[in-house]
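None of the values given here were measured: they were computed from a predicted structure.
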Amino acid sequence: MYIAIAGNIGSGKTTLTEMLTKHYGAKAYYEDLANPYISDFYDDMGRWSFHLQLWFLGSRIQQTLTMLADEADNVVQDRTIYEDAHIFAGNLHQMGLMSGRDFGTYMKLFDISTDLIPKPDLLIYLKSSIPTLVRQIQKRGREYEQNIDEEYLIRLNDKYNNWIENIYEGRVLVVDKDTDDFVADPSIIERICAEVEEMCSGKRQL
């Protein structure tokens, strides 16, 4: 079973990945944050947007190929290749921070890639308000994230909601992070797991 966790910056993807991995004895695949362009990007988004997103795209393709080669029964992935394109690259292009030429090149590579890799059996979307995201970003204290503009987070949230509601084709479980704190309340993670199992019935069992 292939479960992917989607959500804005600071929504709790890594934490939920860890919890589901432990619950199901699954193998976790985390987002690679060792992007050599990330600090430069937050200092000058227009200059480094294409470099940043192209590196993430390549990293996500490599991760998916590794998942397929490992042939693990159950895997949980922290963020998806779809978010890279439909949320982050798309937003940068709309903001004028990635040129039409660069965005076209990026999307061509994305389309080729997604024709070759499998879609998750279930996507879990961690839906969060801006105050929740800001609180989590401040709490985890990554230096390069501390100057993220709230307007940028708002734009990403809008694109996430549109992507889930109108673009993504596949099973989706929405978790409201404003009310469902699965770290503080163990009953919530139990409920999430029950919903996962119900939605994935008929697939290879977790």
Legend entry - Verdict with reasoning, V172 to V174, per side chain to side chain contact (heavy atoms under 4.5 Å, CB included): CA-CA 6 Å; V172 178; V174 178; 4.0 Å; yes
Legend entry - Criterion side chain to side chain contact (heavy atoms under 4.5 Å, CB included) on L126 and N8, from CA distance to verdict: CA-CA 8 Å; L126 300 181; N8 205 341; over 6 Å; no
Legend entry - side chain to side chain contact (heavy atoms under 4.5 Å, CB included) between R79 and F88, worked out: CA-CA 12 Å; R79 185 165 278 158; F88 292 93; 3.5 Å; yes
Legend entry - Y152 and N91: CA distance, side-chain angles, deciding distance, side-chain hydrogen bond (donor to acceptor under 3.5 Å, both in side chains) verdict: CA-CA 9 Å; Y152 179 63; N91 181 59; 4.7 Å; no
Inset, instruction - Given side-chain hydrogen bond (donor to acceptor under 3.5 Å, both in side chains), test E190 with S187 step by step and report yes or no. - result: CA-CA 5 Å; E190 293 174 5; S187 69; over 6 Å; no
Inset, instruction - Would you sort out whether L16 and V76 count as a side chain to side chain contact (heavy atoms under 4.5 Å, CB included), showing the intermediate values? - result: CA-CA 9 Å; L16 183 59; V76 183; over 6 Å; no
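Counting non-hydrogen atoms of other residues, nucleotides and ligands closer than 6.0 Å to NZ of K159 gives a total above 12. Heavy-atom contacts from other residues, nucleotides or ligands closer than 6.0 Å to CD of E165 number more than 12.
A donor-acceptor distance shorter than 3.5 angstrom exists from the side chain of S49 to the backbone of L97, with no hydrogens or angles considered. A donor-acceptor pair under 3.5 Å is formed between the side chain of Y160 and the backbone N or O of G7. When atom types are taken as modelled, the side chain of T66 and the backbone of Q62 share a donor-acceptor pair closer than 3.5 angstrom. For K13 (side chain) and I5 (main-chain N/O), no donor-acceptor pair under 3.5 Å exists by modelled atom type. Within the 3.5 Å criterion, the main-chain N or O of M199 finds a donor-acceptor partner in the side chain of R171. Between the side chain of D78 and the backbone N or O of Y29, no donor-acceptor pair lies under 3.5 Å. Of the possible donor and acceptor atoms, none in the side chain of E195 sits under 3.5 Å from a partner among the backbone N and O of I192. A donor-acceptor distance shorter than 3.5 angstrom exists from the side chain of D44 to the backbone of R47, with no hydrogens or angles considered.
The existence of a salt bridge linking D70 and K27 is confirmed by a sub-4.0 Å separation between a basic side-chain nitrogen and an acidic carboxylate oxygen. The residues R60 and E31 are annotated as salt-bridged, a charged nitrogen and a carboxylate oxygen being separated by less than 4.0 angstrom.
Minimum heavy-atom separation, D178 to D176: N-OD1, 2.9 Å. The two residues P118 and T64 have their closest heavy-atom pair at CD-CG2, 4.2 Å. Nearest heavy atoms, T80 versus L123: CG2-CD1, 3.8 Å. Across all non-hydrogen atoms, the minimal contact from K177 to G12 is NZ-CA, 4.1 Å. Across S128 and N157, no two heavy atoms sit closer than the pair O-ND2, 2.7 Å. Of all the heavy atoms in D102 and F50, the pair that sits closest is O-CE1, 3.3 Å.
For residues 105-124, the set of pairs meeting the ring-ring contact (aromatic ring centres under 6.0 Å, His included) definition, not counting sequence neighbours, comprises H86-F110. The ring-ring contact (aromatic ring centres under 6.0 Å, His included) contacts involving residues 167-197 comprise Y82-Y168, W163-Y168, where partners must be two or more places apart or lie in separate chains.
No donor-acceptor contact under 3.5 angstrom links the side chains of Y2 and N74, judged on distance only. No side-chain donor-acceptor contact under 3.5 Å links E18 and T21. For the 3.5 Å distance criterion, the side chains of Q77 and Y30 fail to qualify, holding no donor opposite an acceptor.
Here the side chains of L54 and T105 are not in contact, with every heavy-atom distance at 4.5 Å or above. Inter-residue side-chain proximity for Q63 and I61 is flagged as unmet; no heavy-atom pair is nearer than 4.5 Å. Residues L133 and S11 meet the side-chain proximity criterion, which asks for heavy atoms closer than 4.5 Å. Under the 4.5 Å side-chain criterion, counting only non-hydrogen atoms from C-beta, L156 is in contact with I9. When side chains are defined from C-beta on, H23 does not count as touching I189, because their heavy atoms never get closer than 4.5 Å. Residues L92 and Q53 meet the side-chain proximity criterion, which asks for heavy atoms closer than 4.5 Å. Inter-residue side-chain proximity for S129 and T132 is flagged as met; some heavy-atom pair is nearer than 4.5 Å. Considering only heavy atoms from C-beta on, N35 stays 4.5 Å or farther from F41 through its side chain.
Every ring-ring contact (aromatic ring centres under 6.0 Å, His included) that W48 has, sequence neighbours left out, goes to Y37, H51.
Annotation: the span from M95 atom CE to H93 atom NE2 amounts to 13.0 Å, rounded to 0.5 Å. In this structure, E83 CD and Y125 OH are separated by 9.0 Å, a value rounded to the nearest 0.5 Å. The CD atom of Q94 sits 6.0 Å away from the CZ atom of R155 when rounded to the nearest 0.5 Å. Interatomic distance, T17 OG1 to K22 NZ, rounded to the nearest 0.5 Å: 15.0 Å.
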